[in-house]
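All remarks here apply to the structure that follows.
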Amino acid sequence: MAQWVAIGVLALLLLAAVLPGVLAPGDPLAIDPAQAFLSPRWGHPFGTDESGRDIYTRVVHGAAPSLVIGVAATAIGILLALVLGLAAALGGRVVDFGVSRLLEVLFAFPGLLLALLVITVYGPGIVTSTIAVGLATAPGYARIIRSQTRSVASAPYIEAAVVLGRSRGRILVQHILPNAVVPVFVLVTLGVGQAIVWAAALSYLGLGAEPPAAEWGAMLFAGKNYLATAWWMTFFPGLAIVLSAVAATVLGRALQRRGPR
Amino acid sequence: MSGDAPLQRRKVGGDSESHSVVTAETPHTPSRSAASEAPVVRVEGLRVGFGTGGRRGARGAAVVDGVSFELQAGRAVAIVGESGSGKSVTARALVGLAGPGSWMTADALEVGGASVLGSTGRDGIARGLSAAAWRRIRGRQIGLVVQDALVSLDPLRPIGREIGDALRLHTSLSPVQREVRVRELLESVGMPDPAERMRQRSGELSGGLRQRALIASALAADPSVLIADEPTTALDSTVQARILEQFESIKANGTGLLFISHDLAVVSRIADEVLVMRAGRVVESGPVEQVLGDPRHEYTKTLLRAVPTGVPRGVPLSVRWGADAAGTEPTEGEPFSTARPAADHPTPTAHLAGATTSPAVTPLVEATAVSKRFGSRTAVDAVSLVIAPGTTLGLVGESGSGKTTLGRIILGLTTPDSGTVTLDGAPWAPLRERDRRARRPVLGAVYQDALSSFDPRLTVGRILEDALRGQDSGSGAGSGADAGAGSVAGVIRDGVAGLLHEVGLSPETASARPLQLSGGQRQRVSIARALAPRPRIVVLDEPVSALDVSIQAQILDLLDRLQRERGVAYLFISHDLGVVQHMSDQVAVMKDGRIVEQGPSADVFARPQHPYTRALFDAAPRIGPL
């Protein structure tokens, strides 16, 4: 039941990201000072902000950057984790030692702090914040991939493949990778939700998307000064962040439960 | 674990269902001991099932359906049956441990003359004894010994403390008296060096000693009944023999013994009366001499016939095919028509039974002074052996004797520290895997745990396709006899169907996953996979140890037939002397990494030379004398 709601929310999110015009035909950047600080009402279901921009339109148009950052960051994290995790699991003792120590160092930093470090070095912006979030999530995935791969690589069915005369490469591609990596993709669904929150957090801190852009975290930042008078400016972008993160998590958990074994 | 079955239920009075199924259940007149005593356990019309099916009163099917027996002090009743027959559930119901979600009804269920059914509910089903009442019965009146002592004993506590607990709960002994008693108990179950051992944890003990500790803890409060659920199944035969002696002396001391086992030979040694269970029902019961010596029921006969001990090589053990793949298997003995005739190897019509390996035949496998150490332990110590084409070498030994390591060396999975292995006259080990790979199809392997040897993502069809494909991409070692020209995929599909047919599985099995198959079917798939590259030798490592005796008989018959048809050689690794004797032309007996005796099966079994071989043979349980 819950996963169907989650799928519905994510479908809506995807539609908003790909075809925002269908849900909100207006311009998210159109200014109309006469209409500033309107509370939610007919014509402005989520109200308007300090420049009279329609919040509903902005929330819908903000889906694309949020989703792109979330997915791209997770993809970067997984890719990096795959390289590190597989190298550690299959590369022999020395490589394993090196990679494992590196992962431990990365683990010592809280994820967001690691992301901040990257941004401090390379400057703010959507691209850097995406890469930063990806980097910050990689160590966790890498550890899971490493242990998963190790346990699969020592499974009796791998030995059975050796007895059948399979080469190392073929065993890797045919048996080890699918069995080790497929379960990780369930985690990815969970990770997307987290990445969306992190990306929003970076934007809120002014390190991701720049203020005029319709991005949920940036909208939160803009609304925080008017929290007492215009609650809708922060409430609706915040709701969008929570809903998409929760939906991704619920779906991830459902996949996890149904997953192989 | 307290594990109170919350749904202990009971039917009041004469329940027609309970009665109708009890046919053979008249209380037996004990043949040896005094019959005047009241039974320590009385069970009448016991039914146990699981699941409440949602609505109140709706229940799942009974897994124990109308079991009745009586157990007198100083006697042993054995329940025999295969997995799923309900024998363990019966035993556990007696101590209120049938399991969560279970229900129970019985006309009588008495321990020491008192009913353990508890109060009755309105729907004829009652909730059983309270947890506190059960605790007074468990340990004090009924002791329970289970198969796996390792998980039954707390790994963090010394066994002395574990046994002392039972005394603390059920007696009023002082701590000092308890310690003395624990030592006595350990002594009485034949634990060597009890004062030392009682300070050790279960993980530090061997399987046999662990089982002794568990028996001691079950006996601690001097119960009048001891339930032993497959207590020797996980043990080596020499250890098993000693544990069985222990049970005999327990029985002689006046304890009633309820013995649960799948092993007819073990049962024949210990039991006074036997109940044969199948699918929850008792199909035959009576004194052990009668049930095992002169069985009436077809199923009992099938079980007895399936025991390989003493059955000559090549004589089929299973009565009919089909218990695990109904209707699709050929009748045993029928000339077998297959799409893949074994043309490229000599196909002896009879086994080269007893034939000594003449120097004229090039040995298929020859191991010379092979050794392997793991740390300070020598697993294989200067072992030499020879396997001739088309014959079976049985490798027998107890756990830890190094037989599996030797099998792995021959398979090229473990590199020996010293010594060499040749395969078909050419070097095989030590050799780099890359140089060995092209000749891999000559060797096949079948493991004890078939399930874990399959990639969990793959269907049976994909597993076999994969095994066949590797062969084709090789140097064309295949027979080329596959019918159906055209695409490679078509040839492989036919190959899969042919293999499934050959091992007695229906073509539909191809779309199943191994997880969905029974143990016997999985082992058939495993054999099919091993045969796919048309090997000339298959290493079988305990291939039937995890199977029920009737399924074991079918698998052994299958292996025998495939050897005849394909002329494949086997290295048959097993701890079970009966199985090895039935399957082997040559036998090698392994102990502590060395082969202590080796020779033609008939000679070794008739005139064992080495003392260890003789000890092993003496310890091997066999049915009778009854």
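What's counted below: heavy atoms across the whole structure, side chains too, no hydrogens, waters or symmetry copies. In what follows, chains are A, B, ... by sequence order, proteins preceding strands, each numbered from 1.
Contacts of B/Leu413 with chain A are made by side-chain atoms alone, with heavy-atom separations under 4.5 Å and no backbone atom involved. B/Leu458 touches chain A through its side chain: at least one heavy atom from C-beta onward sits under 4.5 Å away, while N, CA, C and O do not.
A cation-pi arrangement is absent between A/Arg93 and A/Phe97 under the rule of less than 6.0 angstrom and at most 45 degrees off the ring axis.
For chain A, the option among B/Arg439, B/Arg408, B/Arg436 with the highest count of heavy-atom pairs below 4.5 Å is B/Arg408. Contact tally against chain B (heavy-atom pairs below 4.5 Å) for A/Ile158, A/Val162, A/Asn179: the top residue is A/Asn179. Chain B forms more heavy-atom pairs under 4.5 Å with one residue of A/Arg168, A/Gln174, A/Glu159 than with any other, namely A/Glu159.
Between the side chains of B/Gln563 and B/Thr392, a donor-acceptor pair is found at a separation under 3.5 Å.
For the side-chain contact (heavy atoms from CB on, under 4.5 Å) criterion with A/Ser244, the lone passing option out of A/Leu67, A/Ile196, A/Leu12 is A/Ile196.
Atom CZ of A/Arg101 has more than 12 heavy atoms from other residues, nucleotides or ligands within 6.0 Å.
Between the side chain of B/Arg513 and the backbone N or O of B/Arg457, at least one donor-acceptor pair lies under 3.5 Å.
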